[in-house]
Amino acid sequence: MNADKSRLTTAHDGFDFLGFSFRLRKKRLYLWPRAKAVKAIAMKTREAVRSIASQASLADVVKQLNPVLIGWCTYFRVGN
């Protein structure tokens with residue numbers, strides 16, 4: 001266990017774990033993607049779009065982007 005990354009906290013104070021931010025609001029635990037995860041998917045999307053030739057058809061663009069976006073959405077679908 002990494003002592004620098006580990007700490008004792010409460011749900012009210014919130015914590016980050018496996019790409020999610022957990023926070024207790026109105027007696028309910030909410031989780032959503034961390035800002036770092038959102039930045040990472042934005043960069044991957046940007047790289048995928050830049051790698052597509054400018055004369056590519058819309059179908060080619062969709063083929064290139066779908067695996068990136070579907071994978072990210074599948075992982076984070078359990079969050080808010």
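- Nearest heavy-atom pair, Ser21 versus Arg34, reported as atom, atom and distance to 0.1 Å: OG-CG, 3.4 Å.
- Interatomic distance, His12 NE2 to Lys27 NZ, rounded to the nearest 0.5 Å: 12.5 Å.
- Using cut-offs of 30° and 60° for the angle between ring planes, the Phe17 and Phe22 rings count as tilted.
- Between Lys63 and Leu58 there is no side-chain heavy-atom pair separated by less than 4.5 Å.
- When the side chains of ILVMFWY residues are joined at heavy-atom separations under 4.5 Å, either directly or via intervening members, Leu31 and Leu18 end up in a single hydrophobic cluster.
- A donor-acceptor pair is defined here as one N or O able to donate and one able to accept, closer than 3.5 Å; such a pair exists between the side chain of Ser51 and the backbone of Ala48.
- Note on Val68: it does not cluster hydrophobically with Ile70, by side-chain heavy-atom contacts below 4.5 Å among ILVMFWY residues.
- Note on Val78: it clusters hydrophobically with Val38, by side-chain heavy-atom contacts below 4.5 Å among ILVMFWY residues.
- Under the side-chain contact (heavy atoms from CB on, under 4.5 Å) test applied with Leu69, the options Val62, Thr74, Thr45 reduce to a single match, Thr45.
- With sequence neighbours excluded, no residue forms a salt bridge (charged side-chain N to carboxylate O under 4.0 Å, His left out) with Asp60.
- Considering every non-hydrogen atom in both Ala37 and Gly19, the closest pair reads CB-O, 4.1 Å.
- Ring centroids of Tyr75 and Phe20 are separated by less than 6.0 Å, placing the two rings close together.
- Partner Arg23 forms a side-chain contact (heavy atoms from CB on, under 4.5 Å) with one of Asp16, Asp13, Leu29 and no other, that one being Asp16.
- Lys44 is not listed as a side-chain neighbour of Trp72, based on a closest heavy-atom distance of 4.5 Å or more.
- Nearest heavy atoms, Phe15 versus Arg7: CA-NH2, 3.9 Å.
- In this structure, Ile41 CD1 and Cys73 SG are separated by 7.5 Å, a value rounded to the nearest 0.5 Å.
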